Amino acid sequence: MRPTVLFYNPISTSPGKQRLPMSLLAVASVIAADYDFILIDGNLTDDPARDIIDHAQRTGAKLLACSVMPGPQLRQAVPVCKRVKAALPDLTILWGGYFPTQHGEVVLTSDCVDFIIQGQGEAPFRKFVDTLHRGGSLEDVPSLGWRTDSGAARINPRAPYVPLNNLPWYPYDKIDTTQYIGKSYLGNRVLSHNTSFGCPFACNFCAVVALANRRWLPESAARVASIVGHLYDTYGIDGMEFHDMDFFVSEERTAEIARRLISKVDDNFSWWGLGRVDTLTEYSDETFALMRRSGCKMVFMGAESGSDEMLKRMNKGGHSSVDKTLAMVERMKHFDIVPELSFVMGNPPDPVDDIDNTIAFIRKIKRINPATELILYIYTPVPQEGSILLDEAQKLGFRFPETLDEWASEAWAKFALRRDPGVPWVKDKVRRRVRNFEAVINAYYPTVTDIRLKTHYRHLLKALSSWRYQLRFYDFPYELKALQRLIHYRRPETTGF
Ligand code: B12
């Protein structure tokens, strides 16, 4: 009989908005030929601990593998793993993904996690699963961390990177993929995929750096098109979110993907991806036109700040500049592609000045291209060697939690959402400045991604907010917040892109 491995994807989104758990499908793909597996998704069950315990007892599984990112996932994963460990002390619990990669030693202080795997997971996971089931030495499993008998954390050196074309496809047929087909601005039957691993840059607010160490491993255009074609034929999808850390690094690959998609899918197909302004600035008009023809409807880009000086301090790298962002939103208007820009506001040492600067910049952007979508984050440190921002934050009193229980507290889960991180330099007044401005600009320019928002509500929001926007008076926008609550206004990041 083939052994069974259990996978647990902790809750990360609101009910009905669940995304394909790509992280676990990626690691499941490398064992699927030799092991059975069962996926327990915290987004789809009220009691994941009970389900895990039931499945483990029924199948005799030896291993529970979880993917954990900071925020709501971590907050659910800790109590669930504690309950599972208390009920089944012999079930080995392994964590991988963003959180254990960045905070591995803290994870290993807890009794509810036995092992972690850091960075790209597929190769070390296969080796670990074989070691656990067939024997061998833990020392030989790259990227693996555990507590030694003395209680100290031991973390093996990272595994060499594996090109994505050398890895199997996600095992779509071994889970109920239909549960993950969603409805959004892109279409009525939308799935997601990840066409590359990593990003060549090292922005010092970004968690991707710890995971991929500036490597970018792309799937070939041919493989991307085959996978999309398969999902299109098998599940009848009409939209695709490409959740890569940086989809657009190679113009040649993007153009080839677009060409291949045009021949595989119909004209109603739409897609979305994430990239950098400076990279896309170098793209030719032909490539933009091809992207649009193949269904590219929206591109997410980190604009981050309204100041070139701040972009430098963020180590944004490449050739980023505020002028390029302005030129890009103008250019995308002509190609009928919606730019979706995220900003990291409230940076130390002078968060108020930083916010005001970025607000003025955002107004300029909206004048050029009112359809631009905005995501306003407040700077939330991530561990990264040599980060000036983290260094400054620490001088201002910032510390990461030292236990897993503290990380799983409500305050730290909120920190990870980057809207109200509770960091020492962002006083309540500063945070309110961002949120009040957000309420006004979202009313004056309602998002295009909320497909449920009726036209008359869009008009009402605009009419009510107009005087505030014109007079730049953002304080106390209670009437707008009340209306937004009443009509369940959804900001772009909550609609899931
Ligand atoms: C898809 C996604 C989501 C989905 C969740 C999908 C799910 N699991 O159900 C949604 C949209 C719901 C989501 C939500 C959030 N997300 Co999110 N998300 C992503 C995204 C875009 C892709 C992750 C992914 O699936 N990649 C594809 C897989 C194949 O790659 P991977 O996850 O890196 O997995 C590999 C390794 O990490 C490792 N691995 C991962 N898990 C495991 C498990 C085991 C056992 C092993 C061995 C290995 C392993 O092996 C895998 C294969 O190599 C990343 C950014 C990115 N591009 O990576 C952000 C990202 C992970 N999210 C992030 C955050 C902060 C959030 C939020 C908490 C906040 C926010 N505002 O975005 C919210 C939560 C919102 C809420 N209200 O609950 C941050 C994490 C930051 C950090 N400090 O670590 C990221 C990095 C975005 C960013 N650039 O800042 N997210």
Side-chain angles (χ1 to χ4, degrees), residues 5-14 17-31 39 41-44 63-77 93-103 113 115-129 141 143-145 159 161-162 164 167 170 180 182 192-199 203 205-212 217 241-247 273-274 300 302 342 344 375-378 380-384 400 413-419 421 491-497:
V5 173
L6 302 180
F7 288 100
Y8 163 43
N9 181 43
I11 193 163
S12 57
T13 188
S14 45
K17 296 291 302 171
Q18 58 275 5
R19 288 291 189 300
L20 202 62
M22 296 183 289
S23 320
L24 288 176
L25 287 178
V27 293
S29 73
V30 297
I31 61 160
L39 170 70
D41 191 335
N43 297 296
L44 296 170
L63 174 64
L64 173 67
C66 321
S67 180
V68 187
M69 59 185 176
Q73 281 209 323
L74 179 64
R75 192 157 163 70
Q76 187 187 69
I93 299 187
L94 164 73
W95 280 20
Y98 275 92
F99 187 76
T101 296
Q102 294 168 88
H103 302 283
V113 183
F115 294 96
I116 57 166
I117 282 180
Q118 298 188 319
Q120 193 189 26
E122 290 88 342
F125 183 66
R126 173 74 209 212
K127 181 92 183 151
F128 178 72
V129 173
V141 183
S143 313
L144 185 74
Y161 290 100
V162 180
L164 297 203
L167 293 168
Y170 299 163
Y180 297 100
S192 34
H193 184 53
N194 181 57
T195 79
S196 63
F197 180 81
C199 168
C203 306
F205 52 81
C206 182
V208 170
V209 188
L211 199 71
L217 308 168
E241 294 172 8
F242 291 121
H243 275 291
D244 303 42
M245 302 158 190
D246 196 347
F247 179 88
L274 186 150
F300 183 112
S342 72
V344 179
I375 298 183
L376 309 184
Y377 289 127
I378 291 181
T380 305
V382 294
Q384 199 187 113
F400 288 112
K414 214 161 150 194
F415 163 90
L417 294 178
R418 300 179 289 201
R419 292 186 53 79
R491 296 185 311 277
E493 78 270 27
T494 56
T495 57
F497 291 110

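What you see is a predicted model, and the numbers here were worked out from it, not measured in a lab. Each ligand, and each atom within it, is numbered from 1 in the order the structure gives.
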All salt bridge (Lys or Arg N to Asp or Glu O under 4.0 Å) counterparts of Lys127, not counting sequence neighbours = none

message = Regarding atom 46 (C) of ligand 1: of the candidates Ser23, Pro383, Gly96, which has the closest heavy atom?
response = Gly96

query = Looking only at N/O atoms, are Tyr170 and ligand 1 under 3.5 Å apart anywhere?
reply = no

His243-ligand 1 polar pair, N/O distance under 3.5 Å = yes

Those atoms of ligand 1 less than 4.0 Å from some heavy atom in Val382 = 83 (N)

ask   = What part of Tyr377, side chain, backbone, both or neither, has a heavy atom within less than 4.0 angstrom of ligand 1?
value = side chain

task = Ignoring hydrogens, just give me the one of Ala65, Gly121, Pro124, Gly97 whose non-hydrogen atom is nearest atom 39 (N) of ligand 1.
result = Gly97

request  = Determine whether the side chain, the backbone, both or neither of Gln18 has a heavy atom under 4.0 Å from any heavy atom of ligand 1.
outcome  = neither

query = Under 3.5 Å, N or O to N or O, is Cys206 touching ligand 1 that way?
reply = no

key: Those atoms of ligand 1 less than 4.0 Å from some heavy atom in Leu211   = 33 (O), 37 (O)

task = Mark yes or no for whether Asp246, through its side chain, and Cys199, through its backbone, hold a donor-acceptor pair below 3.5 Å.
result = no

remark   = Across all chains, not counting sequence neighbours, the ring-ring contact (aromatic ring centres under 6.0 Å, His included) partners of Phe400 are His103, Phe398

